[in-house]
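Every heavy atom of this structure was used, including side-chain atoms; hydrogens, water molecules and symmetry mates were not.
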Number of protein chains: 2
Amino acid sequence: MVLTEKHKELIERIGVFHEHKGMQPLVGRIIGLLLVHDEGEVSFDEIVEQLGVSKSAVSNALTFLQAKGRCVYSTRPGDRKRYFALKVSDWKEDFTKELENIAEIQKFIDEVLEVRTDKTPEFNCRMRDFSNFLDFFKKEIPALFERFKKQQA
Amino acid sequence: MVLTEKHKELIERIGVFHEHKGMQPLVGRIIGLLLVHDEGEVSFDEIVEQLGVSKSAVSNALTFLQAKGRCVYSTRPGDRKRYFALKVSDWKEDFTKELENIAEIQKFIDEVLEVRTDKTPEFNCRMRDFSNFLDFFKKEIPALFERFKKQQA
DNA sequence: CTGTTAGTTCTGCAAATACAGAACTAAAAA
DNA sequence: TTTTTAGTTCTGTATTTGCAGAACTAACAG
């Protein structure tokens, strides 16, 4: 597949977006490439060529993406190459994980509340409020997907 | 205020948590200190002493936190020191921002769908599904807070 | 057995990060 | 006016990051 300027520019922006989420630059670019690539599956070599980076960098980035469960590869009979693709299948799972990750702050809030004295009742009250909300939020996640399903039909 | 080992250890863990979110180490530690500190407000000097870091590092970190709107300082009559505190007041706003930030991926998903051919209908379909969900999700955020309010009462 | 393909692991380095320490600034105190 | 206080900005540096390139490995091909 030949990438147009538009493709390349979009890949870069998707890369930067993922960099901001803490991923290393190339990892974000690879996600971008796998997203815009027509065939869905992209060979190791093609990633190297399209992004103009070294094999070692691609190898490490793909190992990372696979470890994170964001990417898989398949093979074809009579072809030793690996074809990589994103696991868009379980976006619900991924999204849930991200939401739960945000809510992880609750664990700390609760620990903080345990060590705090009652010198600052308003502060403590707000924190407890926030903790209660996070509790509520986590429980609401499944319901969220259900409401979406209903609304779809 | 004298910090116990428990306090210090909790500050470190809160620091690491924020590092994973892309903040620089000291910024995370300062958030931790402001969270566990009894008085709620902590002077510049005390931050320097409690965390054992340089004034310059603290100055930069606090400038960053204030720019991000996560921290404010107040002053006291006849006292030139600045007392820093977290802005826990608007956790709803902060949380909303974080959720919207997650949903920002939708912008890219939609752009990706525009440049993709229909060679991979299933992939495209899943992406469209995800985009629709993100749409739904963003609209649901205010309702989420409302349901929490109701449940509280 | 030798060569080739496809990818991995190791080594090194250029650039970015995160901080220390010193010099500096602005305002209040003496 | 000089000094002190409280914090900022500048300069240098140790550490970490992100990648390139080379050496290596495993499997198949000739």
Close N or O pairs between protein and nucleotides 5-7 of chain D (under 3.5 Å):
from   : atom 1 : to       : atom 2 : distance (Å)
dT5(D) : O4'    : Arg80(B) : NH2    : 3.4
dT5(D) : O2     : Arg80(B) : NH1    : 2.7
dT5(D) : O2     : Arg80(B) : NH2    : 3.4
dG7(D) : OP1    : Arg82(B) : N      : 2.5
dG7(D) : O3'    : Arg82(B) : NH1    : 3.4
dG7(D) : N7     : Lys55(B) : NZ     : 2.4
dG7(D) : O6     : Lys55(B) : NZ     : 3.2

Going by atom type alone, with no hydrogens or angles, which donor-acceptor pairs under 3.5 Å involve a side-chain atom of residues 77-86 of chain A and a protein atom two or more places apart or on another chain?
from     : atom 1 : to       : atom 2 : distance (Å)
Asp79(A) : OD1    : Lys81(A) : N      : 2.9
Asp79(A) : OD2    : Tyr83(A) : OH     : 2.8

- Message: For Asn124(A) and Thr120(A), which I'm curious about, is there any donor-acceptor pair between the side chains at under 3.5 Å?
- Response: yes
- Query: For Phe95(A), what residues pass the ring pair (Phe, Tyr, Trp, His ring centres under 6.0 Å) criterion, not counting sequence neighbours?
  - Reply: Phe133(B), Phe137(B)
For residues 61-73 of chain A, tabulate all N or O donor-acceptor pairs below 3.5 Å that involve a side-chain atom, not counting sequence neighbours.
from     : atom 1 : to       : atom 2 : distance (Å)
Thr63(A) : OG1    : Ser59(A) : O      : 2.8
Gln66(A) : NE2    : Leu62(A) : O      : 3.1

- Item | Residue list, salt bridge (Lys or Arg N to Asp or Glu O under 4.0 Å) with Asp129(A), at least two apart or on another chain | none
- Item | Glu104(B)/Lys107(B) salt bridge by N-O under 4.0 Å criterion | yes
- Please work out which residues in residues 12-28 of chain B have a non-hydrogen atom less than 4.0 Å from an atom of DNA chain C and list them by number. Gln24(B), Pro25(B), Leu26(B)
- Could you tell me whether the side chain of Arg29(B) reaches within less than 4.5 Å of the side chain of Val58(B), counting heavy atoms only? no
- Query: Side chains of His37(A) and Glu46(A): do they bring a donor and an acceptor to under 3.5 Å?
  - Reply: yes
- Item | Min side-chain heavy-atom separation Glu98(B)-Lys21(B) under 4.5 Å | yes
- Message: According to side-chain hydrogen bond (donor to acceptor under 3.5 Å, both in side chains), who are the partners of Glu39(B), at least two apart in sequence or on a separate chain?
- Response: Lys119(A)
- Query: With sugar-phosphate meaning primed atoms plus P, OP1 and OP2, does Val58(A) contact a base, only sugar-phosphate, or nothing at under 4.0 Å between heavy atoms?
  - Reply: nothing
- Query: What is the distance from CG of Asn60(A) to P of dT17(D), rounded to the nearest Å?
  - Reply: 14 Å
- Qualifying ring-ring contact (aromatic ring centres under 6.0 Å, His included) pairs, either residue in residues 112-132 of chain B, two or more places apart: Trp91(A)-Phe130(B)
Per-pair distances, 0.1 Å, donor-acceptor, side chain in residues 143-153 of chain B, under 3.5 Å, sequence neighbours excluded:
from      : atom 1 : to        : atom 2 : distance (Å)
Arg147(B) : NE     : Glu140(A) : OE1    : 3.2
Arg147(B) : NH2    : Glu140(A) : OE1    : 3.0

Let me have the donor-acceptor pairs involving side chains of residues 2-11 of chain A, under 3.5 Å, with sequence neighbours excluded, atom names and distances please.
from    : atom 1 : to       : atom 2 : distance (Å)
Thr4(A) : OG1    : Lys6(A)  : N      : 3.4
Thr4(A) : OG1    : His7(A)  : N      : 3.1
Thr4(A) : OG1    : His7(A)  : ND1    : 3.0
His7(A) : ND1    : Thr4(A)  : N      : 3.1
Glu9(A) : OE1    : Arg13(A) : NH2    : 3.4
Glu9(A) : OE2    : Arg13(A) : NE     : 2.8

- Query: Among residues 61-71 of chain B, which contact DNA chain C at a heavy-atom distance under 4.0 Å?
  - Reply: none
Grab the N/O contacts between the protein and nucleotides 11-15 of chain C below 3.5 Å, and write none if there aren't any.
none

- Message: So for Ser56(B) and dG21(C), does any side-chain atom that can act as donor or acceptor lie under 3.5 Å from a complementary atom in the base?
- Response: yes
